[in-house]
Protein chains: 2
Amino acid sequence: MKPSLHLESEDCRAVSDVLGRVGDKWTVLVVGYLSEGPMRFTELRRRIGGISQKMLTTTLRGLERDGFVTRTVFPSIPPRVDYALTPLGEELRIPVNALGEWARHNITRIYEARQRFDQNVL
Amino acid sequence: MKPSLHLESEDCRAVSDVLGRVGDKWTVLVVGYLSEGPMRFTELRRRIGGISQKMLTTTLRGLERDGFVTRTVFPSIPPRVDYALTPLGEELRIPVNALGEWARHNITRIYEARQRFDQNVL
DNA sequence: CAGGATCCGGTTAGATACTG
DNA sequence: CAGTATCTAACCGGATCCTG
């Protein structure tokens, strides 16, 4: 997500920036699983289920770039790479989890609203 | 964003669902402005600045479908349509604002991490 | 005024094949 | 094992034109 909020304040850019990362397709799931502890690439992929290795790589690189995740390479054969949350990544989980809790508590209300809406439109 | 999390729990689907909506390009801004009170289509568009009418329509329809926003049509000429947050929409703002606050407080840390990362890679 | 319809370029994500 | 490279289909968002 590119913000492109020409007229918005720096703060809004920051918020959109973080929401753009958090709101993408896989980031929250990856962070969620990594919060259980460091994990290797393939294990992460297996646990998530349904993510292509390309998207997992892309997501992890983005998280690493933004300082939410560390990437540790063990120079062995076969190679081994561990991913882990940084302190910043752990902190991020607090507000994200709050949003997640809210979602869990209210998801039925949302689904009910959808059902009502779809019945009136279709 | 379509979850497609075959192996995930319902909870994870719910979280991704909500984050998918919240994380899209305009939703947070629209909800933010509507939290100041009901607003007409064009005023909303002018205040946001940079959003096409198509995307504003799409965003509002999505929010309406999920029960976050109400759409009130005044049968006058020219027509007038007011948008307003529902109680569910107001509630959503709480965790979203928390995430926004976190973003504001930590955005420099993220930008610094990016700079370090880009220097090591490029 | 509030949108619906259409077209189009750019981005994204998945599948596949290949590599140190 | 942990990726990179490439191709392609789908989607997204913007611009433009049109209407009750």
Side-chain angles (χ1 to χ4, degrees), chain A residues 1-8 16-17 19-30 33-34 38-65 69-84 117 121-122, chain B residues 1-7 16-17 19-30 33-34 38-65 69-84 121-122:
Chain A
M1 182 169 88
K2 302 289 180 304
S4 80
L5 308 171
H6 326 291
L7 308 174
E8 291 310 308
S16 291
D17 216 331
L19 282 169
R21 165 145 316 287
V22 166
D24 86 348
K25 194 171 182 179
W26 299 108
T27 293
V28 169
L29 282 171
V30 170
Y33 282 111
L34 284 182
M39 213 170 290
R40 301 180 61 171
F41 185 88
T42 303
E43 184 181 3
L44 201 46
R45 183 170 178 203
R46 188 177 40 74
R47 302 267 305 257
I48 292 177
I51 189 172
S52 65
Q53 115 274 59
K54 173 185 169 183
M55 285 318 297
L56 182 53
T57 301
T58 304
T59 303
L60 286 168
R61 284 291 183 284
L63 286 169
E64 190 194 357
R65 184 168 109 98
V69 156
T70 57
R71 178 171 178 273
T72 310
V73 180
F74 298 87
S76 55
I77 296 180
R80 170 192 178 137
V81 180
D82 274 15
Y83 291 92
F117 184 89
V121 172
L122 306 181
Chain B
M1 182 169 89
K2 302 291 180 302
S4 79
L5 309 170
H6 326 291
L7 307 174
S16 291
D17 216 332
L19 282 169
R21 166 144 314 289
V22 166
D24 85 348
K25 194 170 181 178
W26 300 107
T27 292
V28 170
L29 280 173
V30 170
Y33 282 111
L34 284 182
M39 214 170 289
R40 300 181 62 172
F41 185 88
T42 303
E43 183 182 2
L44 202 45
R45 185 171 177 203
R46 187 176 42 74
R47 300 267 305 256
I48 293 177
I51 188 172
S52 66
Q53 121 271 61
K54 174 185 170 183
M55 285 318 297
L56 182 53
T57 301
T58 303
T59 302
L60 286 168
R61 284 290 182 284
L63 286 169
E64 190 193 357
R65 185 168 108 97
V69 156
T70 57
R71 178 171 179 273
T72 311
V73 180
F74 298 87
S76 55
I77 296 178
R80 169 189 178 141
V81 180
D82 273 16
Y83 291 92
V121 172
L122 306 182

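So that the names make sense, note that chain A is the first sequence line, chain B the second, and so on, each numbered from 1. Just so it is clear, the model here is predicted, and its values are computed rather than measured. As a basis for the values below, the full set of heavy atoms in this structure was taken, side chains included, without hydrogen atoms, waters or symmetry mates.
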Under 4.0 angstrom, heavy atoms only, what part of the nucleic acid is A/R71 near: base, sugar-phosphate, or nothing? sugar-phosphate

On DNA chain C, check which nucleotide each of B/V73 and A/P79 is closest to and give me the residue with the more 5' one. B/V73

Phosphate OP1/OP2 of C/dA2: any B/R40 side-chain N/O under 4.0 Å: yes

Distance test, side-chain N/O of B/W26 to OP1/OP2 of D/dC12, below 4.0 Å: no

Could you check whether any side-chain heavy atom of B/R21 comes within less than 4.5 Å of a side-chain heavy atom of B/L63, counting everything from C-beta outward? yes

Protein-nucleotide distance (B/M55, atom CE; C/dT11, atom C1'), rounded to Å: 14 Å

Pick one: which of A/V69, A/T70, A/L56 meets side-chain contact (heavy atoms from CB on, under 4.5 Å) with A/Y83? A/V69

Separation of A/L56 atom CG from C/dT12 atom C1', in whole Å? 16 Å

Please compare B/P78 and A/T57 by the position of their nearest nucleotide in DNA chain D and report the one closer to 5'. A/T57

Can you measure B/L60 atom CG to D/dG13 atom P for me and round it to whole angstrom units? 14 Å

Is there side-chain contact between B/M39 and B/D82, with at least one heavy-atom pair below 4.5 Å? no

Does A/R80 count as lying over the ring of A/F74, i.e. NZ or CZ under 6.0 Å from the six-ring centre, within 45 degrees of the axis? yes

Annotated structure of DNA chain C as dot-bracket, pair cut-off 3.5 Å, Watson-Crick or G-U only, | for inter-strand, is ||||||||||||||||||||

A side-chain contact here means heavy atoms from C-beta on lying under 4.5 Å apart; do A/R71 and A/L60 qualify? no

Reckon B/Y83 touches a base, only the sugar-phosphate, or nothing at all at heavy-atom distances under 4.0 Å? sugar-phosphate

Its contact letters, B for base, S for sugar-phosphate only and - for none at protein heavy atoms under 4.0 Å, make nucleotides 5-11 of chain D read -BB----

To the nearest angstrom, the CZ-C1' distance between B/R80 and D/dG20 comes to 19 Å

Sugar-phosphate only, base, or nothing, as touched by A/R61 at under 4.0 Å among non-hydrogen atoms: sugar-phosphate

Can you find a pair of side-chain heavy atoms, one from B/W26 and one from B/T58, that are under 4.5 Å apart? no

Taking atom C1' of C/dT12 as reference, at what distance in whole Å does atom NZ of A/K25 sit? 9 Å

Taken to the nearest whole Å, CZ/A/F74 to C1'/D/dA2 is 14 Å

Looking at A/T42, does any N or O in its side chain come under 4.0 Å of the phosphate oxygens OP1/OP2 on D/dA2? yes

Rounded distance in Å - CG (A/D24) to C1' (C/dT11): 14 Å

When you measure from the side chain of B/S76 to the backbone of B/P79, do you find a donor-acceptor pair of N or O atoms at a distance under 3.5 Å? no

Side chain to side chain, A/E43 and A/Y33, heavy atoms closer than 4.5 Å: no

Within the 4.5 Å heavy-atom criterion, are A/V30 and A/T27 side-chain neighbours or not? no

Sole residue of B/T72, B/V73, B/T42 in side-chain contact (heavy atoms from CB on, under 4.5 Å) with B/V81: B/V73

Measure CD1/B/I51 against P/C/dG3 and give the value in whole Å, please. 12 Å

